[in-house]
Amino acid sequence: MEEFFIGLLKEYGYIILFIWCMMEGEMALIMGGILSHSGDMNLGLAIFIAGLGGFAGDQVYFYIGRYNKNYITTKLHSQRRKFAIAHMLLKKYGWPIIFVQRYMYGFRTVIPMSIGVTRYSSKKFAFINLISAWCWAAITIIPAWYLGDKILEVLKYAKEHWYIAVPVVLMFLGSILYGFKHIENKILNERKKKNR
């Protein structure tokens, strides 16, 4: 199975990279960096295509917000807390929030949709989004390309010693989730204080 997946990546790497970056991202970028390191991808082309994928994904979310407000309010009711935070961040920081939203776990889809709901210029969003996507791709792919051998060694070790790797990964992800939840609570508490 693993060899089949690696074969697919080598044969259809750019297509997979584009689609994967539309949907998620960071793991796809690391994969693009490692394949560039091994010579199965061109570094510059991997950054370009990954950036386009990230850009396309966020454009889809933006236009879902722009033209499907009813869908957002009914289907994404459980995400209303994140939408409120996204609106506050946009109001407080303006366009830079578009640039950094890719690094905000849990807000990758919410921020473009919440910006789409507002009257924010679609051309301005697209321009900032494209530059941001290419920077995001380069910031992750280049280190993965440079450290390719080290990353492969770590992956090999993790595969052989999964009983150590799994708890470490879970603790890392848990700390990220806790950190972002703490930031969310802080933003909402600041809003409550201002409304008093």
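Worth knowing before you read on, the calculation uses all heavy atoms, side chains too, and leaves out hydrogens, waters and symmetry mates.
The CG atom of Leu17 sits 12.5 Å away from atom CE of Met22, with the distance rounded to the nearest 0.5 Å. Remark: Ile115 CD1 to Arg66 CZ distance equals 10.0 Å, nearest 0.5 Å. A distance of 9.5 Å separates CZ of Phe62 from CG of Asn129, quoted to the nearest 0.5 Å. Atom CD1 of Ile97 sits about 5.0 Å away from atom CD1 of Ile111, to the nearest 0.5 Å. Once rounded to the nearest 0.5 Å, the distance linking OH of Tyr61 with CD of Gln101 reads 10.5 Å. Annotation: the span from Ser132 atom OG to Phe127 atom CZ amounts to 11.5 Å, rounded to 0.5 Å.
Annotation for Phe55 and Ala133: closest pair N-CB, 3.7 Å, computed over non-hydrogen atoms.
Within the 4.5 Å cutoff, the side chain of Leu52 has heavy atoms near those of the Leu130 side chain. When side chains are defined from C-beta on, Met27 counts as touching Trp20, because their heavy atoms get closer than 4.5 Å.
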Donor-acceptor list for residues 137-145 side chains, cut-off 3.5 Å, not counting sequence neighbours:
unit_1 : atom_1 : unit_2 : atom_2 : d
Thr140 : OG1    : Trp136 : O      : 3.3

Considering only distance and modelled atom types, tabulate donor-acceptor pairs under 3.5 Å from the side chains of residues 41-50, sequence neighbours left out.
unit_1 : atom_1 : unit_2 : atom_2 : d
Asn42  : OD1    : Gly44  : N      : 3.0
Asn42  : OD1    : Leu45  : N      : 2.9

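Judged as a salt bridge (Lys or Arg N to Asp or Glu O under 4.0 Å), the pairs with a partner in residues 54-63 (not counting sequence neighbours) are, in order, Asp58-Arg102, Asp58-Arg108. Sorted by first and then second residue, the salt bridge (Lys or Arg N to Asp or Glu O under 4.0 Å) pairs involving residues 129-142 (not counting sequence neighbours) form an empty list. The side-chain hydrogen bond (donor to acceptor under 3.5 Å, both in side chains) pairs that include a residue from residues 116-127 number zero, where partners must be two or more places apart or lie in different chains.
In terms of the ring-ring contact (aromatic ring centres under 6.0 Å, His included) criterion, Phe99 has no residue partners (sequence neighbours excluded).
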* Asked: Checking side chain to side chain contact (heavy atoms under 4.5 Å, CB included) for the pair Leu29/Cys21: CA distance, chi angles, key distance, verdict?
  -> CA-CA 8 Å; Leu29 298 177; Cys21 286; 3.7 Å; yes

